[in-house]
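Every heavy atom of this structure was used, including side-chain atoms; hydrogens, water molecules and symmetry mates were not. The first residue of the sequence shown is numbered 1, and numbering continues consecutively from there. Whatever order the structure lists ligands and atoms in, that order sets their numbers, starting from 1.
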Amino acid sequence: MSRFVAITAVRDFEGRVRQAVTGALHGDLQTLSPEVLKGGTDDVFKQLTGAPPEVMILGPGVNPDDALKLATVFDLQYPEISLLLVSEPSPDIILRAMHAGIRDVVTPEIDVNELRVLLERACLAAASRRRGMQSVSESGQERGRVIAVMSPKGGVGKTTVATNLAVGLGAVAPMSVVIVDLDLQFGDVASGLLLEPEHSITEAVHGSASQDSMVLKAFLTVHPSGIYALCAPKKPSESDYITADHVTRLINQLATEFKYVVVDTAPGLGEHCLATLELATDGVWVCGMDVPSIRGLRKCFSVLRELQLLPQGRHTVLNFADRKSGISVQDVEATIGVPIDTVIPRSRNLPYSTNRGVPVLQGTSRDSAAKGLKKLVERFDPRLETVPQGKLHRRVVVS
Ligand SMILES: Nc1ncnc2c1ncn2[C@@H]1O[C@H](COP(=O)(O)OP(=O)(O)O)[C@@H](O)[C@H]1O
Ligand SMILES: [Mg+2]
């Protein structure tokens with residue numbers, strides 16, 4: 001099997017890739033002529049020897065439009081392959097590459113050492129994506145989707161998004177959704193859903209519930225919309241007795257019982273949050289329309305990429321969207337380095353719904369914030385999943 005495939009006719013570049021691969025990285029390199037791009041993915045695949053590669057290098061010397069077209073199809077059909085585009089990294093190319101699912105845009109002048117580092121990282125990413133796919137298909141027992149709603153900052157709308165997502169999914173899969181409040185000290189899922197829970201996460205992770213999923217279910221609170229909730233402890237001090245291992249066990253238990261486990265988290269990347277990310281199939285990344293929030297998310301992505309803790313499904317939400325903020329969606333995308341999937345405009349209905357304890361998706365609100373939240377729910381609705389999620393990105397507009 002060729003672990004690396006380069007589509008290029010530039011011999012000098014091919015030589016550098018070969019040097020980068022030889023010795024330091026396992027596997028060999030297959031080179032294809034840029035002519036193959038004219039025929040589309042099938043033609044590319046016919047030329048490949050053995051199993052699909054881990055890393056595909058597009059260029060230099062390929063037509064960028066052809067390369068991006070091929071990348072879009074590969075990203076959908078073979079998301080486990082890491083794609084690199086070799087081209088002068090202009091902002092326009094970077095943005096288009098990002099939308100086509102390309103991992104990195106590399107200058108043709110890159111030296112051997114830098115190339116080696118990039119290829120090694122691309123291999124690690126490919127391996128981690130394959131692992132994610134296998135864990136779903138090989139585990140035998142069907143596990144639910146674990147959706148972590150995260151952001152490095154507080155007050156950006158995590159709880160609003162998490163409660164609405166859970167309620168919205170409750171309509172898709174009644175009694176098969178649980179929302180877990182892992183903002184252990186100051187969680188407000190209970191108040192956001194107007195619940196008076198008898199039990200909290202504290203009882204769920206200690207004692208018999210931790211050994212038996214049926215017992216655990218008895219500690220959950222049922223919400224009128226047909227979802228279950230596991231709320232944060234009543235006293236912030238109780239959080240000291242909840243460890244990352246408790247969280248791991250709890251989420252594993254819930255994932256075997258529910259189709260969707262929506263986890264609301266505390267701001268930042270604390271131990272409970274990292275434990276959640278290890279098991280999450282999906283990350284919903286909430287970002288406000290202010291510079292600290294946007295920069296925070298960029299840092300967060302970069303740290304999690306290094307730790308290989310980014311869940312396979314990525315769903316970016318731009319909340320508090322406001323045309324008058326002086327920042328555009330494109331600015332946000334360029335800073336965080338990934339496309340925005342869902343935009344939720346600033347809306348008076350959301351604080352009102354938080355204060356009443358009735359998520360907007362529980363009612364029939366048609367305002368634009370509710371529409372944005374519905375679009376997010378649809379990304380997880382199997383009836384609408386004709387296109388793999390998180391792969392195709394249409395330009396979103398703030399109105
Ligand atoms: N798009 C929005 N427009 C207006 N207010 C919002 C919006 N999203 C969230 N809010 C309000 O902002 C406050 C903080 O939101 P919350 O979901 O609790 O954030 P977090 O969980 O990230 O701390 C809440 O009162 C909520 O109603
Ligand atoms: Mg919150």
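- Checking Thr31 against Glu14 by side-chain atom types alone, a donor-acceptor pair falls below 3.5 Å.
- Protein residues with a heavy atom under 4.0 Å from ligand 1 are Gly154, Gly155, Val156, Gly157, Lys158, Thr159, Thr160, Asn319, Phe320, Ile344, Pro345, Arg346, Ser347, Leu350, Pro351, Thr354.
- Only protein N, O or S atoms were scored, and 1 of them lie under 2.8 Å from the Mg ion (ligand 2).
- At a cut-off of 3.5 Å, with distance as the only test, a side-chain donor of Glu238 or Thr202 sits close to an acceptor on the other residue.
- Between the OG atom in Ser191 and the CD atom in Glu196 there is a gap of 10.0 Å [rounded to 0.5 Å].
- Under the ring-ring contact (aromatic ring centres under 6.0 Å, His included) criterion, Phe301 pairs with Trp285, not counting sequence neighbours.
- Closest of all the heavy-atom pairs between Leu184 and Pro233 is O-CD, 3.4 Å.
- A donor-acceptor pair shorter than 3.5 Å cannot be found between the side chains of Arg346 and Asn319.
- For the residue pair Thr107/Glu109, the side-chain donor-acceptor check at 3.5 Å is satisfied.
- Considering only residues two or more places apart in sequence or on other chains, Tyr260 meets the ring-ring contact (aromatic ring centres under 6.0 Å, His included) condition with none of them.
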**Report entry** Derivation of the ring-ring contact (aromatic ring centres under 6.0 Å, His included) call for His315 and Phe380
**Finding:** CA-CA 10 Å; His315 315 265; Phe380 299 92; 4.4 Å; yes

